[in-house]
Participant: 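Structure below; questions to follow.
These numbers come from a predicted model, not from an experiment.
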Amino acid sequence: MLYSEKTKRYYIYPTSDGFTGWAGNYFKVFSSADLTNWKDEGVMLDLPKQVSWANRNAWAPCIIEKKINGQYKYFYYFTAAQKIGVAVADEPTGPFVDSGKPLVADKPAGIKGGQEIDPDVFTDPQTGKSYLYWGNGYMAVAELNEDMISFKTASLQIIKVDKTYREGTYVFYREGTYALHVERR
């Protein structure tokens, strides 16, 4: 979920469900002023029409609003064909433009199993630095570059997790405490 400082509305970007084999190929967005009444804003990213490198398995997106040079930008990180992509827009409802290639296409060095899925983006309010977390069966993190569509390769780390870790990492900060939420088996 995103609360947009620009529009003063809430947005939710769910995985589209109901496809055999988790083969969804688009993402929709819903908006609300009050978290009770929601408006379907339509398809905001259609893989077959807008993404050249993947057309299936549209899963587990996340989004961040970032003010760059005085203008709000929206960076939408998504899973497609078991890779992670990023699309950018000037409005939280789009139109979103894919970066043209996956941001994460391969397993990090030393990782044997799992998938490159379930991105989460977190901007540290203490430093202003943004990080991308991802993984299935493993957890990776890398600092995003200022362009928000690439990451600092040297910053890539594998976070040691126990055998109950599955996927779905979510990082947040509140009142001086960093918290990490994950989906467990």
Participant: Measure the spacing between CD1 of I159 and CE of M139 and express it to the nearest 0.5 Å.
Facilitator: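 That separation rounds to 5.0 Å.
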Participant: Would you say that S16 contacts F27 through its side chain, given a criterion of any heavy-atom pair below 4.5 Å between the two side chains?
Facilitator: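 No, every pair of side-chain atoms sits at 4.5 Å or beyond.
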Participant: With clusters built from Ile, Leu, Val, Met, Phe, Trp and Tyr whose side-chain heavy atoms come within less than 4.5 Å, directly or transitively, what are the remaining members of the cluster of I117, listed by chain and number?
Facilitator: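 Via sub-4.5 Å side-chain contacts, I117 links to W22, W59.
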Participant: Mind checking side-chain contact (heavy atoms from CB on, under 4.5 Å) for Q50 and listing every partner two or more places apart, or none if nothing turns up?
Facilitator: L45, D46
Participant: Using modelled atom types and a 3.5 Å cut-off, is there a donor and acceptor pairing between side-chain atoms of N145 and backbone atoms of D147?
Facilitator: no
Participant: Can you tell me how far the CG atom of N55 sits from the NZ atom of K49, to the nearest 0.5 Å?
Facilitator: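 Result: 13.0 Å between the selected atoms.
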Participant: Would the distance check show the side chain of T79 and the main-chain N or O of D118 forming a donor-acceptor pair, the cut-off being under 3.5 Å?
Facilitator: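 Indeed, once roles are kept as given, a pair shorter than 3.5 Å links the two residues.
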Participant: Tell me, which pairs form a side chain to side chain donor-acceptor pair (under 3.5 Å) where one or both residues lie in residues 95-105, sequence neighbours left out?
Facilitator: W53-D98
Participant: Within the 4.5 Å heavy-atom criterion, are L47 and F78 side-chain neighbours or not?
Facilitator: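 Touching, per the 4.5 Å side-chain cut-off.
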Participant: Which Ile, Leu, Val, Met, Phe, Trp or Tyr residues join F30 in one cluster when any pair of side-chain heavy atoms under 4.5 Å counts as a link?
Facilitator: M1, Y3, Y10, I12, L35, W38
Participant: Does the K129 side chain pair with the main chain of T123, one donor and one acceptor, at a distance under 3.5 Å?
Facilitator: no
Participant: What are the two closest non-hydrogen atoms of A81 and A54, and how far apart are they?
Facilitator: CB-CB, 3.8 Å
Participant: Got Q82 and R56 here, is their nearest side-chain heavy-atom distance under 4.5 Å?
Facilitator: yes
Participant: CG of D34: more than 12 outside heavy atoms within 6.0 angstrom?
Facilitator: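 Correct, the count exceeds 12.
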Participant: Under a 4.5 Å cut-off applied to non-hydrogen side-chain atoms, are Q71 and D90 in contact?
Facilitator: no
Participant: Starting from the C-alpha separation in whole Å, work towards a yes-or-no answer on side-chain contact (heavy atoms from CB on, under 4.5 Å) for D106 and E116.
Facilitator: CA-CA 7 Å; D106 301 307; E116 292 59 64; 5.9 Å; no
Participant: Taking the ring of F96 and the ring of Y74, is the distance between their centroids below 6.0 Å?
Facilitator: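 Y74 vs F96: aromatic centres not under 6.0 Å.
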Participant: Checking one residue: Y170. Which other hydrophobic residues are in its cluster under the side-chain 4.5 Å linking rule?
Facilitator: F172
Participant: Can you name the closest pair of heavy atoms from G100 and S52 and give their distance?
Facilitator: O-OG, 3.8 Å
Participant: Quick one: does any side-chain atom of T15 pair with a main-chain N or O of A60 as donor and acceptor, under 3.5 Å?
Facilitator: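 Flag set: sc T15 to bb A60 pair under 3.5 Å.
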Participant: Quick one, E65 with K73, criterion salt bridge (charged side-chain N to carboxylate O under 4.0 Å, His left out). Give me CA distance, side-chain angles, the key distance, then yes/no.
Facilitator: CA-CA 6 Å; E65 175 184 71; K73 291 282 189 186; over 6 Å; no
Participant: Can you list the residues that meet the salt bridge (charged side-chain N to carboxylate O under 4.0 Å, His left out) rule with K6, with sequence neighbours excluded?
Facilitator: E91
Participant: Are a donor atom and an acceptor atom from the side chains of R9 and S31 found within less than 3.5 Å of each other?
Facilitator: yes
Participant: Sequence neighbours excluded, which residues qualify as side chain to side chain donor-acceptor pair (under 3.5 Å) partners of Q126?
Facilitator: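 For Q126, the residues satisfying side chain to side chain donor-acceptor pair (under 3.5 Å) (neighbours in sequence not counted) are Y173.
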Participant: Only counting residues at least two apart or in another chain, list the ones meeting side chain to side chain donor-acceptor pair (under 3.5 Å) with Y131.
Facilitator: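 Partners of Y131 by the side chain to side chain donor-acceptor pair (under 3.5 Å) criterion come out as none, since no residue qualifies.
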Participant: Whether R166 and E183 form a salt bridge (side-chain N of Lys/Arg under 4.0 Å from carboxylate O of Asp/Glu) is what I want to check.
Facilitator: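 The answer is yes: the pair qualifies as a salt bridge.
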Participant: Cluster question for you: counting only ILVMFWY and a side-chain heavy-atom cut-off of under 4.5 Å, with indirect links fine, are I63 and F122 together?
Facilitator: no
Participant: Assess the side chains of K39 and S32: does a donor N or O sit below 3.5 Å from an acceptor N or O?
Facilitator: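 Note: K39 and S32 side chains miss the donor-acceptor criterion.
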Participant: Taking the side chain as everything from C-beta on, heavy atoms only, tell me whether V182 gets closer than 4.5 Å to V161.
Facilitator: no
Participant: Which residues pass the side chain to side chain donor-acceptor pair (under 3.5 Å) test with T93, not counting sequence neighbours?
Facilitator: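 Applying side chain to side chain donor-acceptor pair (under 3.5 Å) to T93 gives none.
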Participant: Is K163 atom NZ crowded by more than 12 heavy atoms from other residues, nucleotides or ligands, each under 6.0 Å away?
Facilitator: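 Open: at most 12 neighbouring heavy atoms sit under 6.0 Å from NZ of K163.
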Participant: In the hydrophobic cluster built from side-chain contacts under 4.5 Å, what are the other members alongside F151?
Facilitator: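 In the cluster with F151 are I64, I68, F75, Y77, I84, V86, V88, L103, V104, I111, V121, L132, W134, Y138, L144, M148, I149, L156, I158.
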Participant: Begin from the C-alpha positions of K152 and E143 and carry the test side-chain contact (heavy atoms from CB on, under 4.5 Å) through to its verdict.
Facilitator: CA-CA 6 Å; K152 297 176 181 179; E143 183 182 340; 2.9 Å; yes
Participant: Locate the shortest heavy-atom distance separating N57 from G21; write the atom from each residue and the value.
Facilitator: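 N57 and G21 have their closest heavy atoms at ND2-O, 3.8 Å.
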Participant: Is any side-chain heavy atom of Y76 closer than 4.5 Å to one of P61?
Facilitator: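 In short, these two side chains touch, coming nearer than 4.5 Å.
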Participant: Could you tell me which residues satisfy ring pair (Phe, Tyr, Trp, His ring centres under 6.0 Å) with F19, sequence neighbours excluded, listed by chain and number?
Facilitator: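 Partners of F19 by the ring pair (Phe, Tyr, Trp, His ring centres under 6.0 Å) criterion, ordered by chain and then number, come out as Y26.
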Participant: If you round to the nearest 0.5 Å, how far is CD of E5 from NZ of K67?
Facilitator: 9.0 Å
Participant: Any side-chain heavy atom of M44 within less than 4.5 Å of one from Y13?
Facilitator: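 The answer is yes; the side chains approach within 4.5 Å.
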Participant: Apply ring pair (Phe, Tyr, Trp, His ring centres under 6.0 Å) to Y133 and list each qualifying residue two or more places apart in sequence or on a separate chain.
Facilitator: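 So Y133 forms no ring pair (Phe, Tyr, Trp, His ring centres under 6.0 Å) with any residue.
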Participant: Looking only at heavy atoms, what is the nearest atom pair of P92 and L2, with distance?
Facilitator: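 Distance-wise, the nearest heavy atoms are CB-CD2, 4.2 Å.
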